[in-house]
Amino acid sequence: MIIDRIDFRLANDLAELGPLVRALDFFGEAVALPPKTAHRLTLAIDEFVNNAVDYGYPDHRQGEITVSIRHRVEHLEIVIADDGDAFDPLTAPAPDLSGSIEERRIGGLGVHLVRTLATSFAYRREDERNVVTLALALDA
Amino acid sequence: MIIDRIDFRLANDLAELGPLVRALDFFGEAVALPPKTAHRLTLAIDEFVNNAVDYGYPDHRQGEITVSIRHRVEHLEIVIADDGDAFDPLTAPAPDLSGSIEERRIGGLGVHLVRTLATSFAYRREDERNVVTLALALDA
Amino acid sequence: MQIDRFVEKNVVITTVKGRLDSSTSPKLDEFMAAIPEGSSVLLLDFAELTYISSAGLRVVLKAAKLAKGSGVVLAICGLIPPVHEVFDVSGFSTLIPIHPNRDAALATLG
Amino acid sequence: MQIDRFVEKNVVITTVKGRLDSSTSPKLDEFMAAIPEGSSVLLLDFAELTYISSAGLRVVLKAAKLAKGSGVVLAICGLIPPVHEVFDVSGFSTLIPIHPNRDAALATLG
Ligand SMILES: Nc1ncnc2c1ncn2[C@@H]1O[C@H](COP(=O)(O)OP(=O)(O)O)[C@@H](O)[C@H]1O
Ligand SMILES: Nc1ncnc2c1ncn2[C@@H]1O[C@H](COP(=O)(O)OP(=O)(O)O)[C@@H](O)[C@H]1O
């Protein structure tokens, strides 16, 4: 059995991440994802849902975040969308990865990690939503 | 968290039912389906996958069965498709539900159960596939 | 699925735990193929049956036919609502006596 | 997530089991906020850490900064490949010594 696709809908509330992570673990086991792919999948969704909840709704209005996973032959395709304020993660400054422990800034790694681990990454603003589409290799 | 949609793909092999049922159980718990809806969901998929495997491939060729569940506001919409020989379940004879124990025929109940428990039921042949679409009430 | 059997007075009680579907029903079928010597009532206690499909109904009807042919009563008890619904829709509820629980069944049958 | 701490020679070993993400990392942050009196090496044993996100990296860098400022060495051991990958991609692998397992870490640091 293969799970070809699974779509989630969440409130903009970090409490949603617990059940979501359990569902991602179930999916990863059901389709026997390689360990790195499974980790990257949870990481990508965790980072972007956290960012949407933390930064996308500064007025604390209720919001909706959707996550869709398609299981293709050679990769997972992930679409994360939120109705928070417009934000293009491709404009997030790249972190400075050199420098000593004293020099390194704390934070600012989430977007970088996901962009680096994804084999493709795109952003669009569509119907008042931020839509991030990314692919993760299945032969990790 | 809500699971809005989940799509499965199976070989025409009854061994696929074990993992599929575990995934349906996970889905039912994750979205807190009412007990009757959860039972009807597994029943509908179990009956139609069993029938496709048992009757759809008399030459024992390899086949593919897909199951898609969409979680709507008031119902679950289920689409079960197989590339077995054409068969319209609406033509399956209705079982005789009266009669004594001696008179009742063994079998012939699967399609009837699903049709009766579904709030809508449709069949079409499309792209060499049998496609059954049915809805299950969420307020069962 | 787990099947257990024990005897209370003249009633042979068979409990079935778990799922009764195309993969598990052959086991119950085998179990019900012979009626224990000297029994006058067979009670299927389905209190811990969480799921039944038409494959399970098949085995139940077969057992009911065998019992009837042998002059033995077959009854069922303890159906959870989703399983009871399947008995209702299949017309089995009017064919086979269904008791709410084991005590109620034994009070009537024992 | 479960955190345990014990001391082997001059090395304070902190083991972290489970997931280190935005919901669990504050607990590790609190744990690492004070450096035990008289310790010269802090070892984070992540052998049973199954997941780390940027929220976990935050806490690790904070702890590394605190250790450095106190003249204490902070090292890590036991990363499973998916977690090691996150350390590599974040540049942390070149910042903080990473040992394959606790024995190797203690042989070098102890
Ligand atoms: N959905 C978003 N809406 C607005 N700003 C965002 C959003 N996501 C990220 N950002 C901005 O991009 C920065 C970098 O994000 P990230 O790489 O996840 O690191 P961190 O959240 O640790 O700062 C954030 O600090 C924030 O300013
Ligand atoms: N996918 C299928 N292809 C061909 N025939 C089918 C298919 N599904 C069902 N049938 C026919 O319809 C009949 C009724 O099916 P069902 O109600 O499930 O009861 P049962 O399988 O117990 O006979 C079957 O006996 C079979 O002849």
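Chain letters run A, B, ... following the sequence lines, proteins first and then strands; every chain starts at 1. Just so you know, these numbers come straight off a predicted model, no measurement behind them.
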Checklist entry - Is the shortest heavy-atom distance from the side chain of D:R102 to the side chain of D:T15 under 4.5 Å? => result yes

Checklist entry - How long is the gap from CG on D:L66 to CG on D:L61, to the nearest 0.5 Å? => result 11.0 Å

Checklist entry - Side chains of A:L24 and A:I69: closer than 4.5 Å at any heavy-atom pair? => result yes

Atom pairs (donor, acceptor) spanning chain D and chain A, under 3.5 Å:
unit_1: D:S22; atom_1: OG; unit_2: A:N50; atom_2: OD1; d: 3.2
unit_1: D:S22; atom_1: OG; unit_2: A:N50; atom_2: ND2; d: 3.1
unit_1: D:Y51; atom_1: OH; unit_2: A:D46; atom_2: OD2; d: 2.6
unit_1: D:I52; atom_1: N; unit_2: A:H39; atom_2: NE2; d: 3.2
unit_1: D:S54; atom_1: N; unit_2: A:E47; atom_2: OE2; d: 2.6
unit_1: D:S54; atom_1: OG; unit_2: A:E47; atom_2: OE1; d: 2.7
unit_1: D:S54; atom_1: OG; unit_2: A:E47; atom_2: OE2; d: 3.0
unit_1: D:K65; atom_1: NZ; unit_2: A:I101; atom_2: O; d: 2.9
unit_1: D:K65; atom_1: NZ; unit_2: A:E102; atom_2: O; d: 3.0
unit_1: D:K65; atom_1: NZ; unit_2: A:R104; atom_2: O; d: 2.5
unit_1: D:E85; atom_1: OE1; unit_2: A:R40; atom_2: NE; d: 2.8
unit_1: D:E85; atom_1: OE2; unit_2: A:R40; atom_2: NE; d: 3.3
unit_1: D:E85; atom_1: OE2; unit_2: A:R40; atom_2: NH2; d: 2.4
unit_1: D:V89; atom_1: O; unit_2: A:H112; atom_2: NE2; d: 2.9
unit_1: D:S90; atom_1: O; unit_2: A:R104; atom_2: NH1; d: 3.0
unit_1: D:S90; atom_1: O; unit_2: A:R104; atom_2: NH2; d: 3.0

Item to check | Most chain D-contacting option - heavy-atom pairs closer than 4.5 Å, from A:L117, A:L109, A:L113, A:I101 | outcome: A:I101

Next on the checklist: Once rounded to the nearest 0.5 Å, what's the spacing between atom NE2 of D:H99 and atom CG of D:L79?
Outcome noted: 10.5 Å

Checklist entry - For the atom pair OG1 (D:T14) and CG (D:D4), what is the distance rounded to the nearest 0.5 Å? => result 9.5 Å

Item to check | Mutual orientation of the aromatic rings belonging to D:F92 and D:F87 [parallel < 30°, tilted 30-60°, perpendicular > 60°] | outcome: perpendicular

Next on the checklist: I'd like to verify something: which residue of D:V86, D:V59, D:I80, D:I52 has the highest number of heavy-atom pairs under 4.5 Å with chain A?
Outcome noted: D:I52

Next on the checklist: Counting heavy-atom pairs closer than 4.5 Å to chain D, which one of A:L17, A:L43, A:L14 comes out on top?
Outcome noted: A:L43

Checklist entry - Could you walk me through whether A:L76 and A:L138 pass the side-chain contact (heavy atoms from CB on, under 4.5 Å) check? => result CA-CA 7 Å; A:L76 298 178; A:L138 278 170; 4.0 Å; yes

Checklist entry - Out of curiosity, D:F6 CZ to D:L43 CG, how far, rounded to the nearest 0.5 Å? => result 9.0 Å

Next on the checklist: Less than 4.5 Å to any heavy atom of chain D: does that hold for the side chain of A:V21, its backbone, both, or neither?
Outcome noted: side chain

Checklist entry - Under a 4.5 Å heavy-atom cut-off, does chain D meet the side chain of A:P35, its backbone, both or neither? => result both

Checklist outcome for this item: The interface call for D:L57 against chain A, heavy-atom contacts under 4.5 Å, is side chain

Item to check | Rounded distance (nearest 0.5 Å) linking atom CG of A:L134 with atom CG of A:L136 | outcome: 5.5 Å

